[in-house]
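Let me begin by presenting the structure, written as structure tokens, before commenting on it.
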Amino acid sequence: MVKEANKTVHTDAVDEHEEMDFAAMLEESFKDSEKDALINGVVVAIKEDVILVDVGKKSEGRLNASEVTDENGNITCKVGDVIPVVITGFRNERPAVSHKKALRKDRIKAFIAEFKEEDDAVLDVKITGKNKGGFIAENKEGIEFFLPRSQAAVKDMNSLMGKTLKVKVIKIDGDTESIIVSRKKYLDDDRKKRKEIVQELIDRDEVVEGTIKKITTYGMFVDVGGIDGLVHYSEISYKGPVNPGTLYKEGEVIPVKAIKYDKDKRHLSLSVKAAMPDPWDEIKDELETGDSIQVTISNIEPYGAFVDLGNDIEGFLHISEISWDKNIKHPRDYIEEGQVVDVEVIEIDAKERRLRVSLKNVLAKPFDEFTKKYKVGDVVKGEITTITAFGAFVRIGGIEGLLHNEDASWDRNNKCKELFKVGDEVEVKIVKIDEEAEKVSLSKKELEDSPIQKYAKSHENGDIVHGKIRDIKEFGIFVELEENVDALIRKEDLGQVNEADLKVGDEIEAAITFIDDKKNRIRLSVRRLSKMKEREALKEINKDEKMTLGDILKDQLK
């Protein structure tokens, strides 16, 4: 009986314990079902950092005051206000509530109510957290989304934290009020869309409008129908590569044409110049060599300048075609960027897209101007521009004449490089103008008396002179009579002198046969000297003979 009594007592105790556990479990289930439920609560008290909200429970819910505090630190609600809250948990039977979660929950409900699957909208979301299944993301309106790991389309999961991604909604659960999104679907759809757009652009081969999104030094990225293509800087102008930053600005709408698509790199190439008429086709039948056109100097380099025809064609003006001046140091000394000038077309090749022009060809020719102003015999002043081994070039007006070494001084040993320096002003005489070769010969020594002219003042034909043999030629020998005074004895005038016995440096005696102080020539003759000596000797003989005959006759008359 005792055992049965004990058994009865034990059974009763177990039943009572089970009833207590069930009651607790039921109470806990009620609490769980109330968690995250959206409730309109009434503010009953505001303390320093806690606000008490009546949510229909035994105890008021506790709301962190920071959830209803504005930027200036002011609490935005007052006692008696009705505000939406969500029960987030219980502590000692007192519910904890959240106003922010209630607002977020409300926004999610609104999003779900308004969402239409057929819209296929793309959302921008920021990854704010992660769990075992994936990532928590928010858009700028504060709506929460769930991005499963399998839909993230990334190898390094940690790399997504804090990043803003483009996603698409793939599932909405109205019961749990959850929105599942996928980055993978967005990327797949985007690739498909890009492929379709690109294929259409390539197939249509038409000009379309694009919006410049970014400008770089090597080109610019342009949005055409939702995808970006690159306009390389060589595809902007028919002139050649240009800096896009000088012509366009971001946000500008421009005409472009798709010219290539790299499937492996998924790279779309666009062209601005292909979207415009080819200017070379327009001018190939209109412009010819020799035509005079007006251009603008667009860019100057040390070797020449590029000129703009105003129709997206650029020509080249070489430094040698800028001026008739042969001593150009730099094009900037004659032209400047932005200057409008008339030029002559000297080469045009539409196929090779090459155009060369000349500025000097449309300018007055300096040589023609020179011949109008000067003639042979004129004495002029000029500036030494260049000194060479054979002479010096002298600028006179717009041309340069040559002052040869032998025309610089009567002293045959003097050279221009010893007499002058670049920049010196000299007075010279024009001695020759070659119009066909466009050359001018100058002389400085002709402005002075020559050594022969001075020599002629004290000598005349028939004078007997002595000199030193300076040179021996086939036609005769040159004899130096004085410094820089040479005379010629022709071979036939050597007389009885044996040419083979003569050598440079020997002294020789001869008679002057003529002096031409205009052409600076002196001729000598040994043969004439011999005849002169013969006549002189005969004269002496005759003189002696006459005296003897006279004496004889005188004696006979006595």
Side-chain angles (χ1 to χ4, degrees), residues 119-126 139-140 153-154 159-160 163-168 182-283 296 298-299 306-315 337 350 352-353 355:
D119 289 344
D120 196 30
V122 176
L123 307 177
D124 289 315
V125 299
K126 183 177 182 180
N139 66 1
K140 62 181 180 180
V154 67
S159 65
L160 291 185
K163 296 287 183 64
T164 298
L165 312 173
K166 289 186 180 297
V167 296
K168 282 190 172 184
S182 170
R183 179 168 179 257
K184 180 177 180 296
K185 178 172 175 54
Y186 163 74
L187 294 175
D188 290 343
D189 290 351
D190 185 61
R191 291 189 190 100
K192 182 179 179 182
K193 180 183 176 183
R194 285 176 60 89
K195 186 177 180 180
E196 291 173 351
I197 294 174
V198 168
Q199 193 62 50
E200 183 181 3
L201 287 172
I202 298 295
D203 292 344
R204 284 169 54 190
D205 191 30
E206 295 177 354
V207 177
V208 297
E209 286 191 340
T211 303
I212 299 173
K213 295 184 65 176
K214 185 178 181 182
I215 295 177
T216 69
T217 55
Y218 55 85
M220 52 190 180
F221 290 94
V222 179
D223 181 349
V224 282
I227 66 170
D228 291 346
L230 174 66
V231 177
H232 193 261
Y233 71 122
S234 63
E235 287 295 329
I236 294 175
S237 171
Y238 282 100
K239 298 177 184 177
V242 296
N243 182 355
T246 61
L247 302 174
Y248 303 101
K249 57 185 178 180
E250 292 179 3
E252 188 174 349
V253 176
I254 59 172
V256 293
K257 193 173 185 181
I259 57 175
K260 183 182 178 183
Y261 182 68
D262 188 326
K263 293 182 179 179
D264 294 332
K265 296 181 180 179
R266 296 173 186 167
H267 177 79
L268 176 63
S269 297
L270 303 172
S271 174
V272 172
K273 70 181 185 182
M276 301 183 294
D278 189 343
W280 286 96
D281 291 337
E282 297 176 2
I283 70 162
T296 303
S298 57
N299 186 38
F306 292 93
V307 298
D308 189 352
L309 274 65
N311 59 349
D312 215 22
I313 291 181
E314 198 167 54
E337 291 177 1
E352 296 296 328
R353 300 180 183 274
L355 175 68

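- Minimum interatomic distance between E235 and S271 (heavy atoms only, all atoms of both residues): OE1-OG, 2.7 Å.
- K126 NZ to K140 NZ: the interatomic distance, rounded to the nearest 0.5 Å, is 14.0 Å.
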Exercise. Take S298 and E314 through the side chain to side chain donor-acceptor pair (under 3.5 Å) test and state the conclusion after the steps.
Key: CA-CA 9 Å; S298 57; E314 198 167 54; 3.0 Å; yes
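- Two residues are said to be in side-chain contact when any heavy atoms from C-beta on lie closer than 4.5 Å; V154 and S159 meet this criterion.
- Put simply, CD1 on I283 and CD1 on I313 are 3.5 Å apart, with the number rounded to the nearest 0.5 Å.
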Quiz item: Where do N139 and L123 land on the side-chain contact (heavy atoms from CB on, under 4.5 Å) test, with the steps shown first?
Solution: CA-CA 8 Å; N139 66 1; L123 307 177; 5.7 Å; no
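- Here F221 contributes atom CZ and L270 contributes atom CG; the two are 10.5 Å apart, rounded to the nearest 0.5 Å.
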Exercise. Please report the C-alpha distance between M220 and V272 in whole Å, then the side-chain angles of each, then the deciding distance to 0.1 Å, and finally whether the side-chain contact (heavy atoms from CB on, under 4.5 Å) criterion is met.
Key: CA-CA 11 Å; M220 52 190 180; V272 172; 4.0 Å; yes
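- For the atom pair CD1 (I227) and CZ (R194), the distance works out to 5.0 Å, reported to the nearest 0.5 Å.
- A salt bridge (charged side-chain N to carboxylate O under 4.0 Å, His left out) with K166 is found for exactly one of D189, D124, D190, namely D124.
- L355 approaches W280 most closely through the heavy-atom pair CB-CH2, 3.9 Å.
- The two residues G219 and P244 come nearest to each other via the heavy atoms O-CG, 3.6 Å.
- You'll find the side chain of L201 reaches within 4.5 Å of the side chain of L268, heavy atoms only.
- Shown here for L309 and G315, the closest heavy-atom pair between the two residues is CD1-N, 4.2 Å.
- Between D188 and K192 no salt bridge is recorded (no basic side-chain N to carboxylate O distance below 4.0 Å).
- Scanning all heavy atoms of the two residues, the minimum distance from V122 to K168 falls at CG2-CE, 3.7 Å.
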Quiz item: Passes side-chain contact (heavy atoms from CB on, under 4.5 Å), I236 versus K273? Steps please.
Solution: CA-CA 5 Å; I236 294 175; K273 70 181 185 182; over 6 Å; no
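- Checking side-chain atoms of D312 against main-chain N and O of Y238 turns up a donor-acceptor pair under 3.5 Å.
- Taking both residues in full, the closest heavy atoms of E209 and V224 are given as O-CG1, 4.0 Å, listed atom of the first, atom of the second, then distance.
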Exercise answer: donor-acceptor pairs, residues 248-257 side-chain atoms, under 3.5 Å, sequence neighbours excluded:
from, atom 1, to, atom 2, distance (Å)
E250, OE2, I215, N, 3.2
E252, OE1, K249, N, 3.2
K257, NZ, D205, OD1, 3.4

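- Expressed to the nearest 0.5 Å, how far CG of D228 lies from OG1 of T211 amounts to 10.0 Å.
- Note: L247 CG to I212 CD1 = 9.5 Å, rounded to the nearest 0.5 Å.
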